[in-house]
Every structure is written in C-alpha cells, then in structure tokens.
2 protein chains.
Amino acid sequence: MAVESSGALAPPVPAARRSPPTISDVADRCGVAVSTVSRALTRPGRVSEATRLRVVAAAEALGYQANPRARSLLSGRTDTIALLVPDITNPFFFGVVRGTQRQSAAAGYAQLLVDTQESVEVEARELARLPKSVDGLVLAASRLSDDELVEVAATVPLVTLNRDVPSVPGVVIDTTSGMVQVVEHLASLGHRHLAFAAGPVTSWSGARRWRAVRAAARRLGLTATRLGPFAPTVESGAAAADATLNTGATAVVAFNDVLAIGVLKRLRERGVGVPQEVSVVGCDDIFGADFCHPSLTTLTAPVESAGRVATDMLLDQLGRGTGRGVPRAQEVLPTHLTVRESTGPAPARAARPRSRS
Amino acid sequence: MAVESSGALAPPVPAARRSPPTISDVADRCGVAVSTVSRALTRPGRVSEATRLRVVAAAEALGYQANPRARSLLSGRTDTIALLVPDITNPFFFGVVRGTQRQSAAAGYAQLLVDTQESVEVEARELARLPKSVDGLVLAASRLSDDELVEVAATVPLVTLNRDVPSVPGVVIDTTSGMVQVVEHLASLGHRHLAFAAGPVTSWSGARRWRAVRAAARRLGLTATRLGPFAPTVESGAAAADATLNTGATAVVAFNDVLAIGVLKRLRERGVGVPQEVSVVGCDDIFGADFCHPSLTTLTAPVESAGRVATDMLLDQLGRGTGRGVPRAQEVLPTHLTVRESTGPAPARAARPRSRS
DNA sequence: AAACGGCTGGCAACCCTTTGCCAGCGCCGA
DNA sequence: TCGGCGCTGGCAAAGGGTTGCCAGCCGTTT
C-alpha cells in the first residue's frame, strides 16, 4: 500500500493498488457459481429473485464492477467510438468534437479523440490500428483517397464528415451552394474581382469551395483568382492578405474563418480598410467570428449538428441508433450566409495592386 | 461465415465483416505454437532469428495485428488515458485538450475525452467507471471535494489540472499571483473601484482568483466587489456587464476570457466605451482574446503547456515517463499579464451607477 | 564417452466474463 | 404414484493473447 509511508525506501512506482474485485469474488461471497453472478447482473429473468438479490447485495458490498475489457473480449463491443480530426488546433473541429461528444455520450459511448496532424500517414496508421479498439469511427475531413476510405469502411463501421465518398455513409456541410450565396452577395455589392484564399491542397471541401466560387463568379461575370494554398491558421492569414492585395481584388473569400481572421488582422496592420477597401468573407462561423474586428461575414456551417448527425449515423450502423427512420447513407446539411461588418460595397474605383507598405 | 450471402434473408446488420486473423492463424500458417508467435512479436531475443523472421512474414502476409483488448485483459494495460473536462464548449479546455492529446499521442497513448457537463454527479460517475477502461486520468478543473479526489487517486493514477489537492499530483496555473499583476495594472491606471465577475461557485480556481483580487485590492487601497456567479459563457457576459455598471466600478475583472468577451460585447451594445469608461480584464488568453474588439487585456495562462505537463506527470506515474528528472508531485505554471486595448486610464470622474439604457 | 548447460519452442494455465448446454429439483396433472 | 415440464444454477468452453515452466536438442567440456 503506497498510502502508508513504510519508512524505509519508497517504491519507484508510486502506488501498487489492490486489484479490484472480480466476478468470482462475488460468487465466492454468496456461494454461487460465477455464471450465476453474471446472469444475475445481466439477465434479469434468468435467475430467481432471491438469488438475484443476494448477488446484487454481495456485488454492492464488494464494490464489484464488471471489467469492460474482459466483457468486450467476448462480445466484441467496446462501447467506444473514435473521432479522427486532421488538426485539433482548428476551432472548426472544436464544434465537431462537441457534437460527437455530446451525442455519443448520450448513447452511452465513450469517445476517443485522435489528431491526425494533417498527415496522410498518421491517418492511415490510426485507421489501421483503431478498429481493434473501438466499435466505429467518425472521420472528419479525411485526407485519404476514396479507394482507401471504401476499404476501411469495409473493415469497420465508419462515417465521414465533410468528405463525400460514394458507398461510404457520410455527412457533408453544403458549403458548395453556400459559396454561391457568398459570391452573389459580393456581386450585389459591386465587387468585380474576387480572390479566393485556398486551404490545404488535400482538403476535399476546400477544392469544392473553390470550384463553387469559380463557377458562380463566371456565371455572374466576375473574375476570381485562386491564391495559396495557405495553412488554415491565423498566422497564414498574413500571407493570404498580402497575396490578395497584389491581385487588385476588392474582396477575398477565405477557405475558412481562421484564415479570414488572419487576413483581417494583417489588413488592419497594413492600414487597409475593411470593408471600405477590401471585403473579407470567411467560412464556418467559428467561435470568434462574431466578435473579431470587424466582425466577420461568413458562411455559417452547422458544425456541431454535423458532429451530432455523423454520430447518429454511426450509432445506426452499430444497431444502436435512435430507431426512428431508416438508416441514412448520406446527409447534406445546409449553410447560410451571415452578413456582418467585414463586407461592404466595392470601392468606387477598383483597387489597384498595392505594393507592400 | 457471414461473408457469403446465403441467399435467403439479408441480415439486419448492414455489414457482417470477416473476423480479423488471430494469433493462432499466424501460428498455423508457419507451423509453430501460438506462444512462439507471441514471443517472436513481443520478446525480441526469446526466439531464434530464423523463427522470428518466419513468424513476422506470416503475420505480415495475414495482416495480423494483436487484439489490444485481449492483450490488455492479461496485462491490465490499455495504453489509453482519459481527460475529463467540465465543459468541452469552453475554449479554455480546447487548449488543455490540445496539450494532453499531443503529449499522450507522442507516448503512444490514446486519449479518451469526457465532458462532465459541469456536473458533480456526472464527474463522480465517470470517475467510478473509467478506471476499468483506462490506465490513468487527467482531471481538469474538478468539481469534486478534496476527499473524493484523494479516494479516486488511491484507485487509479490521476493528475489534476487547476485543482490543488494535497497528496494528489497536479498542475495548477498560477492565476493567483497573476491576479496581483492585474490589480496592480488597474491601480496604476488610476482605477479605485473594481468589480469581479465570478464564475461557477464550484470552481476552485475561480474562488482563488477572487481571493487574490480582493487581497490585492485591499493592499492597494482599492475596493473590489464580487458579482455573480455567472456561467462562463459569452451570453452570461451581458449580465456581468450590467451588474458591473450598477456597481459604479471603473474596471471589471472577469473570471475568464469567455465571460470577458461577453462583457465587451454587451458594453458595446450599451454604448459604453471600453476602455474610456470601463476597463475590462479577462483571464486565460484564449483563442480570440487577441482579435476581439477591443482586444482583451488578459492574464495569459500557458494552457497547452499545462495539458502537456499534466500528461507528463501521469505518464511518469504509469512508469512511462520521459525518465529525465524525478517524478513531480505538484507543478505550478506561471502566468503573465498581456496588456491589450481593453484597459486604459480610469475616467477622470469615477463612473456612477448607470441605469439600463 | 558422458555429463552438463544454453538455446529454443511447446504445453497449459491464466486474465475475466459470457453463454450453451445440461442436470437437478419441485410441482403439476394424469 | 409417476411422467413431464419449467425453473434454476452449475460446468465448461470460448474469446485472444501472455508467460512460467519444462523438455528436447545440440554443442561443449572434462
């Protein structure tokens, strides 16, 4: 016992804790077989009420709790799901974590959180390892190829988030049609030249956003220039802002809010008026988008809902769903444009490329 | 075998996946005993090199991976640690999650993330349940009593974060002495009346912050009024702001940044100039504190470091530490005041209580 | 040539729980 | 009174891997 200081020399390992009571301790204590204890605790009608009470009392007295590892060895179930995100630093994923956490907890599942560090290798390694430890996976913004994902999905229940792979259940936030709203908003404000500050090249949703912006711009007769790629961090926003100014665009649409906030910061440092000289639009509506300065016009994404829905879909696959309705294979969540202070009318004369101050 | 569709009726469960190869499959394939396979894969010197190579080749060919559940049943180890936070919604804990996640991943541990929802009951329930599933726990901002924590720590390796319990290893962020800096900063700006917007009553660190503010204010001859408690959310900031204005204080120190940002928001809505009429100070320096408007003067807490250090201390207890230096029992991390735009000289005439516009 | 010892690999117990199968018992009806 | 049946509880296997102990083999030493 490590609690009492035995005087001489303390063991290197702090505490040698007594092992918790097992099912056979309970069985011994009330003179029945272990199988009876197991049934008394898990199969209500299977043993007599008298026996059940004795067993329950003994279990209570000993503080017995079934060892979930032993249980899962036989049942194959761990009551745990894993959430993989590319970058836990990104506030977008905080929302996802919240949504999945709340929903899985409500269903009695624990959640393993894994950061794949934007790395294809780490992601692949974890996907190979995790199925042994969890019942299912929610895979947010995967960097893997469609084929790889199909293969994984054949091994373990899997739901993707913001990644649409045919035949793999998933939920995507529909930023594509949202981007159309963004471009229309900017067009109606008189902007003719847009810049798009792209995110990581491996980002599936990033690619979709750019395509949507480009298509909408073309349709409305605007020009759109793609810049980047930029890391989705506040720091990278500086580079994105500078690149934007070089293009002479009067409005910049950023891959996401983190980048957009970085752009705002840099523009302020350079003395460029937002939205007087340049309008800035983000994507996601993360924590902070409403209280940054100027507050950010952005495409509001139901991030937490997406996490919840993805978890629901996974629980459906695990046979633990809410039971209402048929299991969903693909889910698309709508976005809406939230106009705040960072967008405004295009300057009377189109901005010209500015050299760095 | 469920893989072949037996024609008649499809199983209700979507995909019955073939069970992964076991150690005995590998043993059969290369004609050795399972014990030899086990040793070949885990005890480098215990079998001949020739045998080892044959086993490794067979395992490779079959795609064999040891079942961690079976392994943990005997070894007792799960290579998983749990992080319990009161509210996953709070950006402060994002930093903690980041720190623990990165550090545990680096040591080969998976991380279970548990949200106790600011509830003593949920926290107690999880603490009773989790030790069976994980090797150790990092417990952030626990709401439990000292005695309860000591009891839990006797059962399972445990490190607290922002909660100092004698005899339980922990890391605390030293906001106490930081609060002295805050009060001195405000005093030097000429403020005479402070308000403190308190957080949840069960928050240990919140209580310490208030005591530090009160003591420092008394020493410097200022008055300090405690307001609240307020929930640590942006929304609650409105109530905190209103309460502050009622007191006539010229500066408000908020329990944390989330609350402070809410205060800023409300003051702007009410047309109260910050810092011209009221100065606002937060605590933690969360994501957003630097780009809110006005940017927030706050006590910068090394949140991510705290998560890392706590995880290190836990790994030490698990005998998996980095090995450098002695295991630490208690760690105190310093904070520093980051002055931004939300604090300024006290108004010439002390503000008087304002009625709601 | 015999004894000894080191290296290698197999046997079987063990970790803890669940569950299929079976046996004993008591009760009921015939 | 006896057969049958339902209820209850026990035995043992299973789940996948680890490890203490032992045996066989081969090489070395006396």
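Just so we're on the same page: letters track the sequence lines, and every chain starts at 1.
- Residues A:Leu144 and A:Val120 meet the side-chain proximity criterion, which asks for heavy atoms closer than 4.5 Å.
- B:Ser38 comes within contact range of at least one nucleobase, with a heavy-atom separation under 4.0 Å.
- Distance from the side chain of B:Thr36 is smallest to C:dG9 among C:dT18, D:dG17, C:dG9.
- For B:Ala33, counting side-chain heavy atoms from C-beta on, the closest listed nucleotide (C:dC11, C:dT17, D:dT8) is C:dC11.
- Whole-Å rounding puts the B:Asp28 CG to C:dG10 C1' distance at 14 Å.
- Here B:Leu83 contributes atom CG and A:Leu113 contributes atom CG; the two are 9.0 Å apart, rounded to the nearest 0.5 Å.
- A 4.5 Å side-chain heavy-atom check between A:Tyr109 and A:Leu315 finds at least one atom pair inside the cut-off.
- In this entry the distance linking CG of B:Leu74 with C1' of D:dG16 reads 10 Å, nearest Å.
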A correct 5'-to-3' footprint of nucleotides 23-28 of chain C, with B, S and - meaning base, sugar-phosphate only and no protein heavy atom under 4.0 Å, is ------
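- Here A:Ser72 contributes atom OG and A:Asp79 contributes atom CG; the two are 9.0 Å apart, rounded to the nearest 0.5 Å.
- Surrounding CD of A:Glu49 are more than 12 heavy atoms belonging to other residues, nucleotides or ligands, all under 6.0 Å away.
- Taking for each of A:Ala70 and A:Thr51 the nucleotide of DNA chain D with the nearest heavy atom, the 5'-most of the two is the partner of A:Thr51.
- A straight line from CG of A:Leu41 to C1' of C:dT19 spans 15 Å, rounded to a whole angstrom.
- Straight-line distance from the CZ atom of B:Arg71 to the C1' atom of D:dG15: 16 Å, rounded to whole Å.
- Between the side chain of A:Arg39 and the base of C:dG20, a donor-acceptor pair under 3.5 Å is found.
- Judged by distance alone, with hydrogens and angles left aside, B:Ser35 brings a side-chain donor or acceptor within reach of the base of C:dC11, the pair sitting under 3.5 Å.
- The separation between A:Asn67 atom CG and C:dT17 atom P is 6 Å, rounded to whole Å.
- Scanning for ring-ring contact (aromatic ring centres under 6.0 Å, His included) contacts around A:Phe93 gives an empty result, with sequence neighbours left out.
- A:Arg77 has its CZ atom 22 Å from the P atom of C:dC16, to the nearest Å.
- Per the geometry, CG belonging to B:Leu62 stands 12 Å off P belonging to D:dG17, to the nearest Å.
- Applying the 6.0 Å contact sphere to CD of B:Gln65 captures more than 12 heavy atoms from other residues, nucleotides or ligands.
- The distance between atom CG of A:Asp25 and atom P of C:dC15, rounded to the nearest whole Å, is 11 Å.
- Residues B:Val150 and B:Val165 have side chains in contact (heavy-atom distance under 4.5 Å, counting atoms from C-beta outward).
- In the interface, the side chain of B:Arg46 is paired with the base of C:dG9 through a donor and an acceptor atom under 3.5 Å apart.
- Within the nucleic acid shown, A:Val37 has no heavy atom closer than 4.0 Å to any nucleic acid atom.
- Nucleic acid contact class of B:Arg43 (heavy atoms, under 4.0 Å, all strands): sugar-phosphate only.
- Among the atoms of the strands shown, only primed sugar atoms or phosphate atoms (P, OP1, OP2) are found under 4.0 Å from some heavy atom of A:Thr22.
- Each of B:Leu73 and B:Gly45 was assigned the nucleotide of DNA chain C with the nearest heavy atom; the assignment lying further toward the 5' end belongs to B:Gly45.
- Residue whose closest nucleotide on DNA chain C sits further toward the 5' end, between A:Tyr64 and B:Glu49: B:Glu49.
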